[in-house]
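Shown next, in structure tokens, is the structure this report addresses.
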2 protein chains.
Amino acid sequence: MRKGEATRERILDIAQASVLEKGFGATSIEEIIAAAGITKSGFFYHFRDKNELAYALLNRYVTEDMRILDEVFGRAADLCDDPLQSFLVGLKLLAEVFADLPGGHPGCMIASVCYQERLFDRRVIELNRTAVVAMNARFRSYLEAIAAVYPPREPLDLDTLAEMISCIIDGGIIMSKVMGDPNRLVRQILAYRALIKQHFSPPQEMASRPPPLAA
Amino acid sequence: MRKGEATRERILDIAQASVLEKGFGATSIEEIIAAAGITKSGFFYHFRDKNELAYALLNRYVTEDMRILDEVFGRAADLCDDPLQSFLVGLKLLAEVFADLPGGHPGCMIASVCYQERLFDRRVIELNRTAVVAMNARFRSYLEAIAAVYPPREPLDLDTLAEMISCIIDGGIIMSKVMGDPNRLVRQILAYRALIKQHFSPPQEMASRPPPLAA
DNA sequence: CCGAAAACTGGACCGATGGTAGGGTTTTTA
DNA sequence: TAAAAACCCTACCATCGGTCCAGTTTTCGG
């Protein structure tokens with residue numbers, strides 16, 4: 001039971017790296033089992049077919065992603081009460097997490113699945129959608145708390161602003177990979193942070209006044 | 001000569017749709033020739049191997065992309081002299097272009113290639129990088145013209161802000177595809193536009209004054 | 001309208017791959 | 001110590017990328 005778990009995780013590690021480098025369709029089971037040091041039968045003992053591997057891969061990825069976000073924005077909430085400051089701290093911590101990844105971010109499984117939709121069954125597609133919806137809802141709740149205290153100068157749809165984080169991250173990962181520079185992603189997150197800060201900041205002539213109290 | 005061009009384009013159309021739906025590795029030559037109504041020999045008459053197909057696909061995509069940007073931001077430059085207003089108009093026009101795509105944006109070849117790097121040879125990878133560099137340089141030049149007239153309140157790296165457009169578009173496409181709603185991409189571009197507008201706008205107490213003259 | 005180049009067709013073949021099936025063997029754990 | 005878990009071995013099949021080569025039709029410039 002314990003041994004099986006370890007092998008399963010090893011398969012997932014190897015498969016994930018390959019999928020993010022070559023795509024799911026081009027990831028062969030043969031190369032996975034060769035790298036994992038098992039036989040084909042061993043592989044099919046853990047996964048009924050390739051689609052079950054895909055589901056397990058994506059599921060593990062989004063679970064880990066949510067865990068990281070919980071941790072980062074949880075710590076940020078501990079550090080300060082003001083929703084805007086807390087969110088800004090969270091974004092900075094998130095940028096640090098990405099900056100500390102050795103070799104940069106390996107790629108987003110959600111994006112990878114999205115660009116190979118027709119390869120997967122409905123369960124995988126649905127899991128992908130659900131994960132994105134959950135992420136958008138999370139950031140939307142943060143922004144709602146901010147907007148309640150700091151009314152933005154120009155009205156901007158909070159849903160769109162919440163989705164923008166995912167877009168920035170996915171786009172930033174692509175930019176980093178294409179340019180061969182992991183720092184591009186970090187800079188994008190910090191730029192988003194700066195723009196959010198500006199958007200919710202009181203106009204300049206009030207800059208010297210103390211911030212409003214949290215509700 | 002003309003007939004050959006037409007067939008070649010048809011192959012590229014079919015291949016592009018398949019690549020954006022299933023990935024390059026899972027796109028089989030057999031299905032391409034079946035859909036195109038030609039034989040395998042006919043395919044290899046036009047493309048030496050699959051990698052040459054990949055190069056042609058990507059090359060056609062980035063060329064068309066640049067043409068659209070030239071057109072959109074060229075028209076925007078015609079419509080107004082002020083660099084900020086011109087840029088904002090361009091972004092709105094770009095959003096309209098995406099909104100008018102029937103069935104939404106089919107996907108970005110650059111992102112697709114990025115997520116299947118190991119499948120392609122150096123020429124393809126290099127073309128991908130070059131295209132992104134060119135796009136970043138284009139938007140950076142627009143932003144430079146703006147910053148020269150409207151000094152931003154908080155200093156924000158123009159390169160990062162320029163790259164942000166590509167990130168927003170690539171991320172917006174993914175968001176649109178995953179959510180099954182083409183409008184997500186449009187909203188992201190308009191949100192970027194609003195944030196840029198805010199970033200380069202003079203502080204509120206000067207809002208009623210006329211904008212500065214262009215250099 | 002003709003001839004040459006362009007644009008294909010047809011078929012045979014190879015090695016590798018994804019995936020299936022089923023019967024064995026070792027390892028772990030309760 | 002026995003059963004359940006975690007594998008291994010072998011054989012097999014259809015598909016795919018890719019090659020080769022010999023033919024045939026289509027197109028178009030002169």
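Convention: sequence-line order gives letters A, B, ...; per-chain numbering from 1.
- Within the 4.0 Å cut-off from OP1 or OP2 of C:dA7, not a single side-chain nitrogen or oxygen of B:Thr7 is found.
- Computed from coordinates, the B:Arg48 CZ to D:dG17 P distance equals 18 Å when rounded to whole Å.
- Phosphate proximity of C:dC8 to B:His46: present, with a side-chain N or O under 4.0 Å from OP1 or OP2.
- The distance from atom CZ of A:Arg187 to atom OG of A:Ser176, rounded to the nearest 0.5 Å, is 8.5 Å.
- Rounded to a whole Å, the CD1 atom of B:Ile32 is 15 Å from the P atom of C:dC8.
- Taking atom CZ on A:Phe44 and atom P on D:dA6, their separation rounds to 18 Å, with Å as the unit.
- Sequence order on DNA chain D of the closest nucleotides to B:Ser41 and B:Lys50 puts B:Lys50 first from the 5' end.
- Put simply, the side chain of B:Thr39 and the base of C:dG10 share no donor and acceptor less than 3.5 Å apart.
- Rounded to whole angstrom, the span from the CD1 atom of B:Ile29 across to the P atom of D:dG18 amounts to 5 Å.
- Distance, A:Lys40 NZ to C:dT20 P: 10 Å, rounded to whole Å.
- The distance from atom CG of B:Asp49 to atom P of C:dC14 is 22 Å, rounded to the nearest whole Å.
- Across the protein-nucleic acid pair, B:Arg8 atom CZ and C:dC8 atom P stand 12 Å apart, rounded to whole Å.
- With rounding to whole Å, B:Asn51 atom CG is found 16 Å from D:dC16 atom C1'.
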Which is it for A:Phe120 and A:Leu58 under the side-chain contact (heavy atoms from CB on, under 4.5 Å) test, yes or no, and what are the steps along the way?
-> CA-CA 11 Å; A:Phe120 309 103; A:Leu58 183 59; over 6 Å; no

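- Comparing D:dG18, D:dC8, C:dT20 against the side chain of A:Ile38 picks out D:dC8 as the nearest.
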Take B:Tyr150 and B:Asp82 through the test side chain to side chain donor-acceptor pair (under 3.5 Å) and record every step on the way to the result.
-> CA-CA 10 Å; B:Tyr150 300 88; B:Asp82 180 76; 2.8 Å; yes

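- A salt bridge links B:Glu163 with A:Arg184: the distance from a Lys NZ or Arg NE/NH1/NH2 to an Asp or Glu carboxylate oxygen falls below 4.0 Å.
- Heavy atoms of other residues, nucleotides or ligands lying less than 6.0 angstrom from CZ of B:Arg67 number more than 12.
- A:Tyr45 has no side-chain polar atom (N or O) that falls below the 4.0 Å cut-off from OP1 or OP2 of D:dC7.
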